[in-house]
Amino acid sequence: MAAPKRERWGSRYGFILAAAGSAIGLGNVWKFPYVAGENGGAAFVFIYLLCVAVIGLPVLVAEILIGRASQKNPVGAFKKLARNRAWMGAGAMGVVGGFIIISFYAVVGGWTMGYVVEALRGALLDFNSPEVAEQQFDALNANPWWVVGFQALFFGVTMAVVIGGIKNGIERFSKLLMPVLFVILAVLIVRGVTLEGASEGLAFLFSPNWSAITAGTVLEALGQAFFTLSLGMGAMMTYGSYLSDRDNIWSCAVQIVVLDTLIAIMAGLAIFTTVFAVGLDPAGGPGLIFQTLPVVFNRMPWGGLIFAPLFFVLLTIAALTSSISMLEVIVAYFVDEMGMSRRKAVLIFGGVAMALGVPSALSFNLWSEVKLFGKTFFQLADFVASNIMLPLGGLLFALFVAWSWGWNRALPELAKGAERYRHAWFIAVWKVLLKFVVPVLILVVLLNAIGVL
Ligand code: TRP
């Protein structure tokens, strides 16, 4: 069967938006604040930023590069570029990781959708104190139908978009709506910073207490850097496979990283000023934003009526532009390698992922006491995928480009669309990082975390 011509992004701008849409999501607004909160604040934030710059950016460039060079899904990419077929395992791990991540991500995506409904019903207007907000969050989650139902709805929308192709739906949508999310975050920051007691939040976020750092903290920071940039499972590789040779990978990657980091820091500012001002525990866990933000909204004129529903709508969209990138990896694999139609791949494997997600949804109610290695299904899926599989995937991608594929192939590919950067200093830095620094750092952190080192 002759392969149909592969789809392309409309423009370089379209790619940056889609990739930024993948990167910016619940990882920035939901996960970053609560993980930072659980890990002592500023010191964690510092290590996270370091991981983003020293490990994240080089791996992002490597992933986009492999994708564009091969024009394939992660498994097909290694089949095409690698001399040794064993590298396909790195791509396969990405596809498996996609199933795991989307399974728990959709639970949180479902929460944001559920909160849109609560906001529109006016129910969030009662969330006037952190205690009430926390009780209400727990009460909603106590109902498995609420969690599973919205999770299924979130999956449904994700699948519908991926079936329809990305270019004309979500890409256009996010172009319009992402700037609005940015503005709302800015408004939330202004409100947060002007609350009495907000300075404690700023100190928590920006003045480090180094004694709080443990090996676990560093692993979390590394995992967060991978998660927030959508790295380590071939999502950026797959998006890169739709990129044309005229586009400059370097400048795309830098813009993606800057946008993503900016949004995470903005979310941190909005959340922590409020958390401290209203006396919440920064280590409040996955419910953190759902228990703090409604309280701030209610302290703004019109906040509860206008900003709250708008915010949760936009967060839902940010989450959707990320979840479609996870599903796209899975679908691209079955379309490219198994010759399946896009529609069939979405329906079958979206369904499988949805079923795999049910235990994560039940972790907040019926199965809250069911634990493996001391973690609920939700926590375990997040931990294994984000903190182990993503860094491991990133390690393999870096090793492949730097040690197996060879600079004589990688550098000319990188120079496409970026002729004038051919001898730039940052390419030299990138080579050193990818060849030595990235692998060694990831290995040390991983080995340390599993107790070998
Ligand atoms: N980066 C997204 C976020 O911050 C999540 C995400 C999308 C992702 N695609 C991914 C994470 C691929 C890991 C791998 O919400």
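Just so it is clear, the model here is predicted, and its values are computed rather than measured. For ligands, and for the atoms within them, numbers begin at 1 and follow the listed sequence.
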Any donor-acceptor N or O pair under 3.5 Å, side chains [X], [Y]:
X	Y	value
Thr217	Thr214	yes
Ser22	Ser230	yes
Asn143	Asn365	no

Checklist entry - Does Tyr105 reach ligand 1, in the sense of a heavy atom lying below 4.0 Å from it? => result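 Contact present.
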Item to check | Tyr48-Phe32 aromatic ring centre distance below 6.0 Å | outcome: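 When the ring centroids of Tyr48 and Phe32 are compared, they turn out to be within the sub-6.0 Å range.
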Checklist entry - Considering Ser230, Ala264, Ala385, which one's heavy-atom position lies nearest to atom 7 (C) of ligand 1? => result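 Comparing heavy atoms across Ser230, Ala264, Ala385, the nearest one to atom 7 (C) of ligand 1 lies in Ser230.
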Next on the checklist: Counting only heavy atoms, tell me which of Ser22, Ser322, Gly393, Ala23 gets closest to atom 4 (O) of ligand 1.
Outcome noted: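 Shortest heavy-atom distance from atom 4 (O) of ligand 1: Ala23.
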I want to know if ligand 1 touches [X] in the polar sense, i.e. an N/O pair below 3.5 angstrom.
X	result
Ile24	no
Ile101	no
Leu229	no

Numbered atoms of ligand 1 (with element) below 4.0 Å of [X], judged on heavy atoms:
X	value
Leu390	13 (C)
Leu26	15 (O)
Ser325	7 (C), 9 (N)
Gly25	3 (C), 4 (O), 15 (O)

Item to check | Rounded distance (nearest 0.5 Å) linking atom CZ of Phe290 with atom CZ of Phe312 | outcome: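 So the CZ of Phe290 and the CZ of Phe312 are separated by 6.0 Å.
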Next on the checklist: Nearest 0.5 Å, please: how far is CD1 in Ile102 from CD in Gln151?
Outcome noted: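 Rounded to the nearest 0.5 Å, the CD-CD1 separation comes to 10.0 Å.
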Next on the checklist: Give me the residue, atom name and distance of the protein heavy atom closest to atom 11 (C) of ligand 1.
Outcome noted: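 Answer for atom 11 (C) of ligand 1: Phe227 O, 3.3 Å.
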Checklist entry - For atom 14 (C) of ligand 1, what's the nearest protein heavy atom and its distance? => result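 That would be Met233 CG, 3.2 Å.
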Next on the checklist: For Asp382, is there an ion pair with Lys31 - N to carboxylate O distance below 4.0 angstrom?
Outcome noted: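 Judged by the 4.0 Å cut-off on N to carboxylate O distance, Lys31 and Asp382 do form a salt bridge.
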Item to check | Sole residue of Val117, Thr112, Val116 in side chain to side chain contact (heavy atoms under 4.5 Å, CB included) with Phe150 | outcome: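 Exactly one pass, corresponding to Val117.
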